Q: 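First, the structure itself, so that you have it in front of you.
For clarity, every value in this text was computed on a predicted model and none was experimentally measured. Quick note on labels: first sequence line is chain A, next is B, and so on, each numbered from 1.
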Amino acid sequence: MTPDLNPAMIRLERVSKSFRRDGVTKHILHDVSFDLPPGRNIAILGRNGAGKSTLMRLIAGTLRPDRGRILRRRRISWPMGFSGSFHPALTGAQNTRFVARIYGRDTAALDAYVQDFAELGASYHVAVGAYSSGMRARLAFALSMGVDFAVYLVDEVIGVGDTAFRRKCAAAFRRRMDRSRVLMISHNAATLRQFCDAGLVMEAGRLTYHDTVEAAIEAHEANLAISPAPALSA
Amino acid sequence: MNPRDTTHQAPGTLVQARVLFALLMREMTTRFGRSAAGYLWALIEPVAFIALLSLAFSQIAHSPPVGRSFALFYATGYIAFSFYNDIAALTGRSVQVNRPLLNYPAVSALDTVLARFVLQALTGLAVAAAIFAGILAIFADQVRLEPVALLGAFGLAALLGLGVGLVNTTLFALSKGWELAYGVISRPLFLVSAVFFSFASLPTAAREVLWWNPLIHLVGLMRAGFYPVYDDSHVSVLYVLALGLGLVTTGLVLMLACANRLAEQ
């Protein structure tokens, strides 16, 4: 594997995304083309409502662009803790095996890893529809660690569950950062500085890439100083 | 429209094969469960229905419209009908029952339809083979199997079922009203598809109208595949083929046009 020979780990080609609610159309991305460079841990910054989470879900593939396309050259996780892709009629074990098959993983190995990590006990063999949101999040976290993604998407939360489980999540996540990259949304600048070495600032439907996380944080804070947000022309 | 996602650094065809296999396994666990009883039920239901039809009509008539065995006559009709109908019904709900799985970028709406199509077509073929083999072993009849007609009957029934299912997959997912309406419209189909009568025995006026029911042609082909004396001059392979291909094309276009709404609802 020679990952750095590829021009981009994620490429956005003329991507537009808008939401319509109560007759008002809100443009999140407007005809955006962008290459995310490989090998970097990238912080995503932007004011509230700028569409950071939408961008992340577009990159994950859980949302689809209205126009344009997104090319992924790496195996990219779903946003950490996201459990909306579980089938409620299938058990935790069956959902795990489904994921193993679509990502081309050994089903028995992933099954064993997730069963051990998620600490669901007998519930692992119960339909996910009967899970609490905490149990779902634990299953989702264990699975995303087990699949061994090349890029992890973090939207504010790294760990899930109670304090002990959160600590275990954080430790597993830090170990994984030795060989995987991260795209991270966080309101906590310290967390961004800890994990990221580059930044992407979202403002008025545009993305600006900064080669250091410090430059990105500065640009973001400069944006916040100019209030209110400039409106995006439709 | 997004091309197939190649997230996994594997060729698109390999990814799709993996996804189809995963969906197939997922469908089998919920459809049949983990026991043999689930599979057995797929066989018991049509056997019971054919037995009931045979028993009831053998009280009324001296002999079936074609051949000597009531069981074979109703089996040819019922299996042609249900092979189509089960595929159409099962594939039509593909997206509704699998929607969360569409959150995985590698899984498309079409994959869920194809997985259900493959599973139901194979199940239907196995059930048909078991029932026909059983009937031919138990009841004596003058039968000469015509492989071309049988292939045509099963092939066209599968194509038509896939076409109706594909169109409905998108429409059902977007409109609960259409799903209810379709249920009402399609219910009488069984009564007008020559399952328990012979098309040739109908008055001319009825024949002219019912000829447009594609299931009449499927049943006709199936019976032509068993009975050497059966009159299949009303059967038009071209009509059913054109209708099936037209429905599949319409279904694919609809699905492509509504791909985002299907995945995100």
Side-chain angles (χ1 to χ4, degrees), chain A residues 1-3 6 9-10 13 15 17-19 54 57-79 82-91 93-105 107 125 127-129 136 140 143 147 149-151, chain B residues 1-34 38 93-112 114-116 173 255-265:
Chain A
M1 286 239 282
T2 50
N6 274 327
M9 62 177 175
I10 299 156
E13 284 182 358
V15 171
K17 183 72 184 176
S18 58
F19 289 107
T54 302
R57 293 190 59 197
L58 283 166
I59 289 171
T62 60
L63 277 180
R64 322 255 164 145
D66 298 336
R67 269 188 219 93
R69 59 180 188 161
I70 296 172
L71 300 177
R72 306 170 185 87
R73 291 201 178 79
R74 292 288 183 282
R75 200 190 294 259
I76 295 170
S77 79
W78 48 83
F82 174 78
S83 56
S85 48
F86 290 142
H87 197 293
L90 300 182
T91 67
Q94 288 167 337
N95 271 294
T96 298
R97 286 197 284 269
F98 182 82
V99 168
R101 287 183 188 117
I102 64 171
Y103 287 105
R105 296 282 146 162
T107 44
H125 296 286
V128 166
R136 266 177 227 241
L143 254 177
V147 171
F149 289 106
V151 180
Chain B
M1 219 42 59
N2 289 341
R4 175 157 295 280
D5 199 286
T6 48
T7 312
H8 320 294
Q9 294 177 297
T13 46
L14 177 63
V15 174
Q16 185 167 26
R18 287 202 303 235
V19 167
L20 281 178
F21 176 71
L23 284 167
L24 211 61
M25 297 297 284
R26 166 257 173 283
E27 292 288 352
M28 280 171 73
T29 45
T30 39
R31 170 95 191 273
F32 299 117
R34 278 160 176 262
R93 292 177 47 76
S94 304
V95 163
Q96 279 166 297
V97 299
N98 285 307
R99 186 167 271 139
L101 302 178
L102 297 180
N103 277 320
Y104 298 112
V107 181
S108 74
L110 184 61
D111 293 329
T112 67
L114 290 180
R116 292 198 131 201
M255 186 166 276
L256 220 61
C258 302
N260 283 10
R261 288 179 67 189
L262 286 182
E264 286 177 13
Q265 266 198 1

Q: Closest approach of A:S85 and B:N103, non-hydrogen atoms and distance?
A: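 A:S85 and B:N103 have their closest heavy atoms at CB-CB, 3.5 Å.
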Q: So what's closer than 4.5 Å to chain B heavy atoms on A:F149: side chain, backbone, both or neither?
A: neither
Q: Between A:T62 and A:R57, do the side chains contain a donor N or O and an acceptor N or O under 3.5 Å apart?
A: yes
Q: Which bit of A:A60 comes within less than 4.5 Å of chain B, counting heavy atoms only: side chain, backbone, both or neither?
A: backbone
Q: Side chain, backbone, both or neither: which part of A:L63 has an atom under 4.5 Å from a heavy atom of chain B?
A: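 Contact with chain B: backbone and side chain both.
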Q: Ignoring hydrogens and geometry beyond distance, is a side-chain donor-acceptor pair present between B:T112 and B:R116 at under 3.5 Å?
A: no
Q: Nearest 0.5 angstrom please: A:R101 CZ to A:T96 OG1, how far?
A: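 Answer rounded to 0.5 Å: 10.5 Å.
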Q: Counting only non-hydrogen atoms closer than 4.5 Å, does B:L23 touch chain A with its backbone (N, CA, C, O), its side chain (CB onward), both, or neither?
A: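 Looking at B:L23, backbone and side chain both touch chain A.
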